[in-house]
Amino acid sequence: MNQDNYFEEAFKMRNVLEEFQKDCHGQRKPTILGLREHIFTGSGSSLAWFMSNQQASFVTISQRILADPLRVRFHYGHPDIFDRIFHITRGGISKASKIINSSEDIFSGFNSILRGGFITHHEYIQVGKGRDVGMNQISLFEAKVANGNGEQTLSRDVYRLGQQFDFFRMLSFYFTTVGFYFSSMVTVLTVYVFLYGRLYMVMSGLESEILQNPSIRHTKALEEALASQSVFQLGLVLMLPMLMETGLEKGFRTALVDFVIMQLQLASVFFTFQLGTKAHFYGRTILHGQSIYGAMGRGFVVFRAKFSDNYRLYSRSHFVKGLELFILLIVHEVYGESYRSSNLYLFITFSMWFLVASWLFAPFIFNPSGFDWQKTVDDWADWKRWMGNHGGIGIQPDKSWESWWEEEQEQSKNTNIRGRILEIMLAFRFFIYQYGIVYHLQIVHHSKRILIYGLSWAVLLAALLVLKMVSLGRRRFCADFPLMFRILKALLFLGFVSAMTILSVVRGLIVSDIFAAALAFLLTGWALVLIGQASRPLLKGLGLWDSLKEL
């Protein structure tokens with residue numbers, strides 16, 4: 001295994017092996033002996049220090065409690081010693097499939113418990129362990145573990161353990177395995193539900209109606225409840241085991257100093273970012289019923305990642321979701337009226353703004369030389385070249401945006417009909433923006449007729465038609481007739497300016513209406529892309545997939 005060791009610890013091996021002869025809870029002997037670990041990579045970087053502190057609390061105080069009294073410790077890929085005869089005569093140690101069992105190590109612990117084994121933990125001996133030290137390496141590891149927990153949630157092993165454990169042991173088992181990732185996903189979904197609920201109230205006029213009602217205008221119970229919850233959404237509670245372990249081993253004064261230093265080094269930003277990693281990959285595995293195995297690399301190196309690398313790794317998991325929450329907050333800020341006169345407004349929205357900032361900027365904050373101007377210019381040129389390259393057979397994802405997109409959709413290609421229907425239902429949330437914003441434009445003069453919503457779809461289709469014309473013109477005229485292509489673009493631009501001028505004079509169109517409509521149409525277009533991707537087999541059967549992909 002990827003473990004270091006120490007000469008003085010090797011003398012204790014005979015004592016550890018004698019633990020197999022001790023009876024535990026009657027006549028049962030241990031089948032797996034868990035050992036303590038020493039994380040030696042904490043000095044590599046600030047991220048390595050965060051991870052080493054987090055991991056140190058897990059491999060010491062956490063596993064100590066999991067083994068006794070909770071009795072729900074399993075194998076986590078750490079330096080455990082197995083009773084080989086016991087396991088190879090009861091189905092083997094590990095699992096064979098890297099898709100079903102992307103976290104194959106914990107299933108050996110499941111097998112051991114299900115077949116009558118017993119797992120203990122011992123701290124008089126320790127071995128060395130190296131953790132990931134770079135942002136991208138850490139995120140890949142967290143994604144792999146989240147995918148593994150999604151597979152565990154769907155596996156028969158977890159179902160059988162839940163059936164056989166008593167009630168309290170079952171709760172301990174849930175909280176220390178899949179329950180933590182399920183809670184992380186629910187935490188993120190709660191932010192979405194709250195903001196989309198607020199968006200519906202703002203866009204439908206229900207919020208203004210409530211504020212104008214004198215009987216409920218001064219009710220602050222909901223605002224106070226939300227303010228109390230926002231304090232706990234910063235991820236600080238996740239650092240409690242870390243503080244306890246450091247306090248037990250080095251003293252609580254040292255633990256408090258380390259905690260302050262970690263906050264100054266933006267540990268909260270890092271852990272909030274990793275919350276998004278856990279929620280995204282766990283949710284995708286649950287949604288599609290399968291995960292995609294990713295290689296870790298495990299290199300002990302701190303290097304500067306290019307923007308295209310960060311984009312490929314975090315686009316769907318953090319950047320898209322962060323931009324969605326950012327747009328939700330902006331729309332609520334522009335069109336909403338509640339909370340503005342309240343002293344609790346900052347407490348209610350601060351944690352959400354903090355979440356958005358962490359998801360959008362953490363990869364650049366923790367990137368070495370992330371704000372060096374010349375390297376940023378080089379990254380921009382590299383990203384544009386990557387975006388412009390066409391994909392195809394044999395083209396790697398790091399060479400072409402099209403190949404990367406195809407790889408990203410690999411998981412959804414093989415999903416079942418349930419996953420496709422859920423994907424389409426989730427994509428419908430983006431239509432709320434267009435339905436609400438078009439009725440708040442100055443050009444409609446407060447009209448609520450359904451014809452206005454129909455006209456907005458006509459404008460969207462016209463915009464897509466223009467994009468199609470530009471695409472066809474680029475393919476047919478750009479190389480052979482560049483002047484013709486420039487004339488086509490000039491005519492389209494003059495037509496757009498003329499239409500905006502006429503609408504401004506006749507219907508009172510203002511500049512803010514143009515930006516609001518562009519935002520609504522952008523999100524509607526993204527919804528159409530997601531629905532088209534989920535409906536890929538049907539579109540291929542109708543012969544429409546190539547046209548949609550090109551557009």
Side-chain angles (χ1 to χ4, degrees), residues 195-196 198-212 323-324 326-338 340 427-478 482-532 547-548 550-551:
L195 288 178
Y196 272 103
R198 300 291 308 164
L199 178 68
Y200 172 76
M201 293 178 65
V202 168
M203 292 302 180
S204 64
L206 182 61
E207 182 187 63
S208 59
E209 185 71 23
I210 292 175
L211 292 175
Q212 293 172 7
L323 283 173
E324 181 183 354
F326 176 75
I327 292 171
L328 277 168
L329 290 169
I330 290 296
V331 171
H332 180 260
E333 181 71 22
V334 172
Y335 296 104
E337 300 177 7
S338 65
R340 292 186 179 179
F428 270 98
R429 70 184 186 271
F430 293 103
F431 292 128
I432 299 176
Y433 295 92
Q434 181 182 347
Y435 184 73
I437 288 177
V438 294
Y439 288 108
H440 286 76
L441 298 178
Q442 187 71 26
I443 193 174
V444 303
H445 302 293
H446 305 287
S447 176
K448 302 299 181 183
R449 292 184 299 173
I450 193 64
L451 178 63
I452 295 174
Y453 186 60
L455 287 175
S456 69
W457 276 99
V459 172
L460 177 62
L461 293 176
L464 294 177
L465 182 62
V466 170
L467 290 175
K468 184 67 175 177
M469 291 174 59
V470 172
S471 176
L472 289 175
R474 181 180 290 109
R475 285 195 306 170
R476 294 189 177 184
F477 304 120
C478 186
L483 181 61
M484 185 72 69
F485 181 61
R486 292 178 183 178
I487 293 175
L488 175 63
K489 291 197 296 184
L491 291 175
L492 291 174
F493 177 74
L494 291 176
F496 173 77
V497 173
S498 302
M500 294 300 103
T501 304
I502 294 173
L503 290 175
S504 177
V505 174
V506 177
R507 297 291 302 174
L509 178 70
I510 58 178
V511 177
S512 62
D513 286 354
I514 299 176
F515 286 103
L519 176 64
F521 293 154
L522 179 68
L523 293 168
T524 301
W526 179 243
L528 294 175
V529 170
L530 295 178
I531 294 175
S547 300
L548 178 65
E550 179 185 352
L551 182 60

query = Does Asp513 reach the main-chain N or O of Gln442 with its side chain, forming a donor-acceptor pair under 3.5 Å?
reply = yes
ask   = When rounded to the nearest 0.5 angstrom, what distance separates OH in Tyr335 from CE in Met203?
value = 5.5 Å
query = Does CZ in Phe326 sit with more than 12 non-hydrogen atoms of other residues, nucleotides or ligands closer than 6.0 Å?
reply = no
Side-chain atoms of residues 452-461: list all donor-acceptor pairs with protein atoms under 3.5 Å, sequence neighbours left out, distances to 0.1 Å.
from, atom 1, to, atom 2, distance (Å)
Tyr453, OH, Trp457, NE1, 3.1
Ser456, OG, Gln434, NE2, 2.9
Ser456, OG, Tyr453, O, 2.5

request  = Report the C-alpha separation of Leu328 and Tyr433 in whole Å, then their side-chain angles, then the decisive distance to 0.1 Å, and conclude whether the side-chain contact (heavy atoms from CB on, under 4.5 Å) test is met.
outcome  = CA-CA 9 Å; Leu328 277 168; Tyr433 295 92; 3.1 Å; yes
query = So does Tyr196 have more than 12 non-hydrogen atoms from other groups sitting under 6.0 Å from OH?
reply = yes
ask   = Atom CZ of Arg429 and atom CG of Leu523: how far apart are they, to the nearest 0.5 Å?
value = 10.0 Å
Pair up each side-chain donor or acceptor in residues 494-505 with any protein partner under 3.5 Å, not counting sequence neighbours, and list the distances.
from, atom 1, to, atom 2, distance (Å)
Ser498, OG, Leu494, O, 2.8
Thr501, OG1, Val497, O, 2.8
Ser504, OG, Leu509, O, 3.3

query = What is the minimum heavy-atom distance between Ile531 and Ala427, and which atoms define it?
reply = CG1-CB, 3.7 Å
query = Hey, what do you get for CZ (Phe521) to CG (Leu528), rounding to the nearest 0.5 Å?
reply = 11.5 Å
key: With sequence neighbours excluded, residues passing side chain to side chain contact (heavy atoms under 4.5 Å, CB included) with Ile487   = Leu483, Leu491
key: More than 12 heavy atoms from other groups under 6.0 Å of OH on Tyr435   = no
query = When rounded to the nearest 0.5 angstrom, what is the spacing between CZ in Phe431 and OG1 in Thr524?
reply = 6.0 Å
query = So which heavy atom on Tyr439 is nearest to which on Ser447, and how close?
reply = CD2-O, 3.3 Å
message = If I take atom CD1 from residue Ile327 and atom CG from residue Leu199, how far apart are they, to the nearest 0.5 angstrom?
response = 11.0 Å
